[in-house]
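Along the sequence shown, residues carry numbers from 1.
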Amino acid sequence: MSDTIKYLLPETDIPRHWYNLVADLAEPPPPPLNPATGKPATADDFAAIFPQPVIEQEMSAEREIEIPAEVRDIYKQWRPSPLFRARRLERDLDTPARIYYKYEGVSPAGSHKPNSAVAQAFYNKISGVKQLVTETGAGQWGSSLAMASRFFGLECLVYMVRVSYDQKPYRRGIMETFGARVVASPSDETESGRAILRDNPDSTGSLGIAISEAVEVAASRPDAMYCLGSVLNHVLLHQTVIGLETQKQLELAGDAPDVLVGCTGGGSNFGGFVFPFLGAKLRGGSGPRIVAVEPKACPTLTKGPYAYDYGDVSKLTPLVKMNTLGSGFMPAGFHAGGLRYHGMAPLVSQVLDSGHIEARAVDQLDVFAAGVRFARAEGIVPAPEANHAVATAVDEALACRESGEARTIVFNLCGHGHFDMQAYIDYFAGKLRDYDYPDSEIAMALSGLPSVAP
Ligand SMILES: *Cc1c(COP(=O)(O)O)cnc(C)c1O
């Protein structure tokens with residue numbers, strides 16, 4: 001058998017619908033709450049920051065939502081993305097397991113993020129919006145939205161977390177190439193930013209702060225809207241093209257997964273990858289084990305309670321029920337910028353709470369060791385975020401070596417690491433360390449959780 005096995009679908013197999021997990025849940029998702037009244041948020045509560053079609057998707061319980069032709073047409077540039085069988089990694093691990101990975105690094109931004117950026121830009125365009133405002137951590141989402149904005153003739157303003165702005169000039173350069181304006185956050189352009197700078201002029205920023213700035217600006221300008229790159233239902237919905245394609249590709253391979261693995265920052269690549277499989281399981285009974293992997297330095301799913309919380313520092317967003325470390329959580333500076341958010345997608349949190357998925361937290365050094373091993377076997381350097389999924393897939397494969405079981409392990413390789421090489425360089429230089437977020441810090445961050453009726 002050849003070592004390079006790639007399952008490709010024709011362009012005509014780009015999904016025509018996104019899959020909405022809400023349709024198959026036994027319980028409807030707990031509603032977002034208006035922060036001022038504590039009552040369930042209505043469509044009107046979102047109208048200042050999201051266009052109508054996006055609000056409808058956010059609140060929808062319909063199983064299938066049609067992908068507009070304009071969006072599918074742009075998807076064609078990199079979709080369907082390939083599914084690979086990791087034969088050389090299997091041999092390296094000396095495992096009887098069959099390992100597959102879905103590769104989202106083939107998109108122009110190098111990750112899954114454009115799957116939602118293109119859809120969001122399209123819906124804003126047809127709603128008459130002129131400017132999109134967003135935040136970005138490591139720059140993956142910002143570069144995706146900058147590209148999508150350009151495709152649809154929209155202006156794009158990005159608040160970039162200060163530490164990444166200084167340390168990741170290449171991602172900033174990409175955003176600027178696409179014509180976006182990039183502002184380091186906290187900035188003095190917003191109330192939220194100025195409030196943070198007054199208390200801490202040297203603040204290196206956080207996603208929670210950058211979200212506050214972007215939401216504030218979008219809400220104050222009539223022709224500007226806000227875009228979020230993860231967490232919300234509509235973002236996970238757009239990402240389900242990943243799992244829908246993977247289902248077809250595994251059919252081509254004549255295989256069925258025993259375990260699915262994805263990394264979780266806000267939950268969008270994970271949700272997009274696993275929800276189509278989980279939906280089939282919820283409708284029909286059996287299905288794979290599903291494992292969400294997060295860093296020990298930001299242990300949202302494994303240590304954060306499932307509770308109502310704000311999405312941002314300034315408490316401008318509706319309250320959503322999710323696993324959270326508290327909106328004031330300041331993650332340590334570990335090298336997976338995309339996994340540093342204090343909260344988790346409400347849908348991912350809900351299916352963890354109902355026992356349909358498992359969550360695991362891993363150490364940074366193990367994560368990089370696995371990523372390097374994967375790169376040497378498969379020739380793709382994964383994004384540090386993706387290495388969390390790689391590490392767990394490797395662990396599962398090694399468990400198969402122990403037990404002798406030939407399980408099928410499928411993971412989502414959500415992006416390449418070409419703009420994260422400093423992290424690898426630091427790893428080789430022995431500069432990275434493991435960081436377990438201390439329980440006392442977590443307790444402190446959680447003490448500020450808003451009290452709402454359950
Ligand atoms: C943004 C990002 C993540 C984290 O976001 P999710 O919504 O959890 O997917 C993970 N990996 C990569 C490569 C990213 O760009």
Side-chain angles (χ1 to χ4, degrees), residues 3-7 78 81-93 99-115 136-144 147 164 167-174 242 246 261-265 269-270 273 293-295 297 333-340 362-398 409-434:
D3 268 350
T4 304
I5 312 179
K6 178 162 77 167
Y7 298 94
W78 69 93
S81 66
L83 178 79
F84 290 96
R85 171 89 181 265
R87 294 274 299 173
R88 286 186 300 265
L89 180 66
E90 289 169 15
R91 209 164 36 238
D92 178 44
L93 297 169
I99 307 175
Y100 297 83
Y101 56 98
K102 176 72 166 167
Y103 186 41
E104 289 294 306
V106 293
S107 85
S111 76
H112 62 287
K113 295 275 190 349
N115 297 333
T136 197
Q140 281 277 8
W141 170 245
S143 32
S144 303
M147 177 192 80
S164 304
Q167 290 175 1
K168 305 215 159 165
Y170 293 163
R171 281 272 172 211
R172 186 184 359 136
I174 294 177
I242 303 172
T246 306
V261 180
C263 70
T264 48
N269 88 81
F270 174 80
F273 176 56
V293 192
E294 63 185 9
F334 62 94
H335 271 296
L339 306 184
R340 294 177 59 182
V362 289
D363 277 318
Q364 178 161 253
L365 291 176
D366 294 340
V367 157
F368 274 90
V372 170
R373 188 166 195 171
F374 178 88
R376 290 177 182 175
E378 297 294 319
I380 297 173
V381 181
E385 293 87 352
N387 282 343
H388 292 70
V390 174
T392 297
V394 165
D395 283 349
E396 292 284 335
L398 292 176
I409 301 164
V410 189
F411 70 96
N412 191 33
L413 191 69
C414 53
H416 67 63
H418 297 180
F419 297 101
D420 305 286
M421 292 321 299
Q422 191 61 47
Y424 281 86
I425 291 168
D426 289 350
Y427 171 69
F428 293 128
K431 289 187 192 162
L432 299 193
R433 61 185 184 94
D434 285 336

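Put simply, the side chain of Q364 never gets that close to the backbone of P295: no donor and acceptor are under 3.5 Å apart. Side-chain atoms of S107 never come within 3.5 Å of backbone atoms of H112 as a donor-acceptor pair (strictly under, hydrogens ignored). T264 places a side-chain N or O within 3.5 Å of a backbone atom of V293 that can act as its donor or acceptor partner. With hydrogens and angles disregarded, a donor-acceptor distance shorter than 3.5 Å links the side chain of R88 to the backbone of A377.
Under the 4.5 Å side-chain criterion, counting only non-hydrogen atoms from C-beta, Y101 is not in contact with I99. L93 is listed as a side-chain neighbour of R373, based on a closest heavy-atom distance under 4.5 Å. Using a 4.5 Å heavy-atom cutoff, the side chains of V394 and F374 are not in contact. Between F419 and I174 there is a side-chain heavy-atom pair separated by less than 4.5 Å. At a threshold of 4.5 Å between non-hydrogen side-chain atoms, the residues R171 and S164 do not count as touching.
With sequence neighbours left out, the side chain to side chain donor-acceptor pair (under 3.5 Å) criterion links Y424 to N387. Considering only residues two or more places apart in sequence or on other chains, D363 meets the side-chain contact (heavy atoms from CB on, under 4.5 Å) condition with K296, D366, D434. When the side-chain contact (heavy atoms from CB on, under 4.5 Å) test is applied to P169, the partners found at least two apart in sequence or on another chain are R172. Considering only residues two or more places apart in sequence or on other chains, T136 meets the side chain to side chain donor-acceptor pair (under 3.5 Å) condition with none of them. Evaluation of the salt bridge (Lys or Arg N to Asp or Glu O under 4.0 Å) rule for R376 yields no partner, not counting sequence neighbours. Qualifying side-chain contact (heavy atoms from CB on, under 4.5 Å) partners for A423, counting only residues two or more places apart in sequence or in other chains: H335, F368, P384. Listed by chain and number, the residues in a side chain to side chain donor-acceptor pair (under 3.5 Å) with R433 amount to none (sequence neighbours excluded). With sequence neighbours left out, Q422 forms a side chain to side chain donor-acceptor pair (under 3.5 Å) with D426. Under the rule for a salt bridge (Lys or Arg N to Asp or Glu O under 4.0 Å), the partners of E396 that lie at least two apart in sequence or sit in another chain are R289, R360. Residues that satisfy the side-chain contact (heavy atoms from CB on, under 4.5 Å) test with A138, not counting sequence neighbours, are K168.
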Give the intermediate values and the outcome of side-chain contact (heavy atoms from CB on, under 4.5 Å) for residues Y100 and I5.
CA-CA 10 Å; Y100 297 83; I5 312 179; over 6 Å; no
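Within the structure, salt bridge (charged side-chain N to carboxylate O under 4.0 Å, His left out) pairs that include any residue of residues 382-393 do not occur (at least two apart or interchain). Sorted by first and then second residue, the pairs that involve residues 100-113 and meet salt bridge (charged side-chain N to carboxylate O under 4.0 Å, His left out), not counting sequence neighbours, are R79-E104, K102-E245.
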